[in-house]
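Side-chain atoms are counted along with the backbone in the values below, which use heavy atoms only and exclude waters and symmetry mates.
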Amino acid sequence: MSVVAEKNLTKFATKHFNIGVIAPLTQKRNSDFFFRACEAMCELGFMISVLAQGDEVSQRKCFDLAQKYPGQFEVLEAIPRNKNKILSGADVMLFPAEPEEGNLKRVMKKGIVPIMPYQEHFYNFDAQSESGNAFLFTPDNFWEFLATIVRAFESFKFSYDWNNLQKQVKKSLENL
């Protein structure tokens, strides 16, 4: 068995999990957490699509990750067509910092589940009680950030739970 085949057998994500990022990545907007987690997310088998917008340091890091993980990390030019491409393919939308209201509403309207810092009107998804409309984390806690992404994937694996969550996301748009 080849090394590549062996590596594919050890992937955590046996189901495609597409993470979109449409918010600008800047050091002021907590991009360090995102970049610290990216290598782990790619190694786990998650697919990440990022709009190329943000500060120069963040852009360089994105292009480095795209080169290192060509099948799992893509950087797209920040034009409307590519933003729509990310929105149409994402299972979750990752906001490393507080999202802009317009982006958040657009994501929710499509039923894409947000992963973001704690916000008013948003509650962590709980499969047991079938409640919640997002996956939330404390902005200054890297391990909670990474665990939140993994928890989102764990919920994604169960279609019934994920469909309920998507309904909650769309329904909560009315309250914004």
Side-chain angles (χ1 to χ4, degrees), residues 12-13 16-122 124-125 133-153 155-156 165-166 169 172-173 176:
F12 176 76
H16 284 288
F17 187 57
N18 298 307
I19 300 170
V21 181
I22 58 172
L25 292 169
T26 64
Q27 292 177 321
K28 289 181 182 180
R29 295 188 50 80
N30 215 12
S31 67
D32 287 341
F33 271 16
F34 172 72
F35 291 116
R36 281 180 60 196
C38 272
E39 200 154 327
M41 290 187 288
C42 288
E43 288 294 330
L44 290 171
F46 301 159
M47 310 300 283
I48 306 167
S49 298
V50 178
L51 276 185
Q53 57 184 354
D55 60 30
E56 189 176 325
V57 171
S58 298
Q59 296 240 351
R60 193 173 330 107
K61 288 180 181 180
C62 280
F63 290 120
D64 290 346
L65 284 164
Q67 196 168 35
K68 185 172 183 178
Y69 297 100
Q72 293 172 272
F73 192 99
E74 70 176 341
V75 182
L76 301 169
E77 183 182 1
I79 58 175
R81 181 181 62 211
N82 288 339
K83 187 174 192 175
N84 289 334
K85 179 181 176 184
I86 291 174
L87 286 165
S88 66
D91 298 306
V92 296
M93 193 62 61
L94 180 57
F95 296 101
E98 183 176 333
E100 296 171 2
E101 187 175 331
N103 276 343
L104 184 58
K105 284 182 176 180
R106 194 166 176 195
V107 163
M108 293 174 67
K109 186 176 182 178
K110 291 189 169 282
I112 302 169
V113 178
I115 299 176
M116 62 188 175
Y118 283 94
Q119 305 280 315
E120 187 177 0
H121 305 294
F122 289 91
N124 261 319
F125 177 67
N133 55 3
F135 290 96
L136 307 170
F137 60 89
T138 306
D140 59 352
N141 186 330
F142 171 75
W143 294 110
E144 183 181 344
F145 174 76
L146 187 57
T148 300
I149 296 166
V150 171
R151 195 166 52 83
F153 173 70
S155 295
F156 175 74
L165 173 55
Q166 288 178 309
V169 167
S172 60
L173 182 59
L176 290 182

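At least one side-chain heavy atom of Pro114 sits less than 4.5 Å from a side-chain heavy atom of Val169. At least one side-chain heavy atom of Lys105 sits less than 4.5 Å from a side-chain heavy atom of Glu101. For the pair Tyr69 and Glu39, the minimum side-chain heavy-atom distance is below 4.5 Å. Between Leu87 and Arg106, the closest side-chain pair of non-hydrogen atoms falls below 4.5 Å.
Taking the six-membered ring for Trp and thresholds of 30 and 60 degrees, Phe145 and Phe137 have ring planes more than 60 degrees apart, a perpendicular arrangement. Classified by interplanar angle (parallel below 30°, tilted 30° to 60°, perpendicular above 60°), the ring pair Phe46/Phe17 is perpendicular.
No more than 12 heavy atoms of other residues, nucleotides or ligands lie within 6.0 Å of NZ in Lys85, so this atom counts as exposed by the packing criterion.
Remark: Ser49 pairs with Glu74 by the side chain to side chain donor-acceptor pair (under 3.5 Å) rule, at least two apart or across chains.
A donor-acceptor pair is defined here as one N or O able to donate and one able to accept, closer than 3.5 Å; no such pair exists between the side chain of Gln27 and the backbone of Asp32. With hydrogens and angles ignored, the 3.5 Å screen pairs a side-chain donor or acceptor of Ser58 with a backbone N or O of Leu25. Panel note: side chain Asn18, backbone Asp91; no donor-acceptor pair is recorded below 3.5 Å. Checked by atom type and distance alone, the side chain of Gln53 never pairs as donor or acceptor with a backbone atom of Ala78 at under 3.5 Å. Not a single donor-acceptor pair under 3.5 Å links the side chain of Asn82 to the backbone N or O of Leu76. Using modelled atom types, one side-chain atom of Asn124 and one backbone atom of Leu136 make a donor-acceptor pair closer than 3.5 Å.
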Run the side-chain contact (heavy atoms from CB on, under 4.5 Å) test on Ile48 and Cys38 for me, step by step, so that the C-alpha distance in whole Å, both residues' side-chain angles and the decisive distance to 0.1 Å come before the verdict. CA-CA 8 Å; Ile48 306 167; Cys38 272; 4.3 Å; yes
Going through the checks in order, is the side-chain contact (heavy atoms from CB on, under 4.5 Å) test met by Leu51 and Val21? CA-CA 6 Å; Leu51 276 185; Val21 181; over 6 Å; no
Can Asp55 and Arg60 be said to form a salt bridge (charged side-chain N to carboxylate O under 4.0 Å, His left out), step by step? CA-CA 9 Å; Asp55 60 30; Arg60 193 173 330 107; over 6 Å; no
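Distance check, rounded to the nearest 0.5 Å: CE of Met41 to CD of Gln72 gives 11.0 Å. In this structure, CD on Glu98 lies 4.5 Å from CD on Gln119, to the nearest 0.5 angstrom. A distance of 9.5 Å separates CZ in Phe153 from CD1 in Ile19, rounded to the nearest 0.5 Å.
Remark: Arg151 is not positioned above the aromatic ring of Phe135, lacking an NZ or CZ atom under 6.0 angstrom from the ring centre and at most 45 degrees off the axis.
Between Phe33 and Pro139 the shortest heavy-atom distance is CE2-O, 2.8 Å.
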